[in-house]
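In what follows, a single structure is set out as structure tokens and then discussed.
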Amino acid sequence: MAQWNQKSKQSIIIVDQREFSSTTPMQLHDKGFWIVPMQLNVGDYILTDEICVERKCVSTGDLFDSFKTGRLLQQVKNM
């Protein structure tokens with residue numbers, strides 16, 4: 001999925017469309033990545049066919065809530 005675009009010489013990162021409430025997609029774009037928004041079933045960022053990333057935020061409590069509810073473990077299993 002995410003790959004090196006030979007024509008534009010940019011790396012492509014697929015980003016879950018719900019991630020655009022954070023600044024991470026814009027920061028990646030500013031660093032030269034080509035961002036492709038999609039609704040993802042697993043993970044928040046797809047870097048390659050074999051690598052996806054689930055972003056967790058400490059300041060909003062997302063990480064701790066994910067631990068408490070068991071959601072994090074399920075997300076890891078899904079990845």
Side-chain angles (χ1 to χ4, degrees):
M1 291 201 194
Q3 56 189 321
W4 185 259
N5 183 338
Q6 293 296 331
K7 291 182 181 178
S8 67
K9 296 188 178 183
Q10 288 182 309
S11 291
I12 299 168
I13 298 177
I14 299 171
V15 178
D16 189 289
Q17 62 191 20
R18 295 165 285 208
E19 279 297 299
F20 286 87
S21 61
S22 80
T23 61
T24 305
M26 184 55 77
Q27 290 172 348
L28 291 168
H29 180 265
D30 290 346
K31 295 289 184 186
F33 292 95
W34 182 15
I35 303 302
V36 178
M38 295 179 74
Q39 185 165 347
L40 299 175
N41 294 325
V42 176
D44 295 320
Y45 299 87
I46 305 293
L47 306 180
T48 71
D49 290 341
E50 297 178 352
I51 300 172
C52 72
V53 175
E54 178 69 37
R55 185 182 69 86
K56 294 294 178 192
C57 184
V58 173
S59 64
T60 64
D62 183 37
L63 177 62
F64 302 115
D65 288 344
S66 294
F67 277 122
K68 284 187 221 175
T69 64
R71 190 175 81 233
L72 182 61
L73 188 57
Q74 187 59 48
Q75 289 171 320
V76 170
K77 287 179 185 178
N78 291 341
M79 290 194 295

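Positions are given from 1 along the sequence.
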Count the heavy atoms of every other residue, nucleotide or ligand shown that sit under 6.0 Å from CD of Glu50, and state whether that count exceeds 12.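 Result for CD/Glu50: open.
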May I ask you to check whether over 12 heavy atoms, not counting those of Phe67, lie within 6.0 Å of atom CZ?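 Atom CZ in Phe67 is not crowded, with 12 or fewer foreign heavy atoms closer than 6.0 Å.
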Ignoring hydrogens and angles, tell me if any N or O in the side chain of Asp16 forms a donor-acceptor pair with the backbone of Gln39 under 3.5 Å.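 Not confirmed, Asp16 side chain does not pair with Gln39 backbone.
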Under a 3.5 Å distance rule, please check whether Asp44 uses its side chain to pair with a backbone N or O of Arg55 as donor and acceptor.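 Pair found, side chain donor or acceptor close to backbone of Arg55.
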Report whether Met26 and Ile13 are members of the same hydrophobic cluster (ILVMFWY, side-chain heavy atoms less than 4.5 Å apart, transitive linking).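 The answer is no; the residues belong to distinct hydrophobic clusters.
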Any chance you could measure [X], atom [atom1], to [Y], atom [atom2], to the nearest 0.5 Å?
X	Y	atom1	atom2	result
Thr23	Leu28	OG1	CG	9.5 Å
His29	Thr24	NE2	OG1	14.5 Å
Ile51	Ile46	CD1	CD1	10.5 Å
Lys56	Phe64	NZ	CZ	12.0 Å
Ile35	Lys31	CD1	NZ	13.0 Å
Asn78	Arg71	CG	CZ	12.0 Å

Return the minimal non-hydrogen interatomic distance between Cys52 and Gly43, and the atom names on each side.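 So the minimum-distance heavy-atom pair works out to SG-CA, 4.5 Å.
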Contact summary for Leu40 and Tyr45, nearest pair of heavy atoms: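 Looking at all heavy atoms of both residues, the closest pair is CD1-N, 4.2 Å.
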Please test Phe20 against Val15 for side chain to side chain contact (heavy atoms under 4.5 Å, CB included), starting from the C-alpha separation and ending with a verdict. CA-CA 8 Å; Phe20 286 87; Val15 178; 3.9 Å; yes
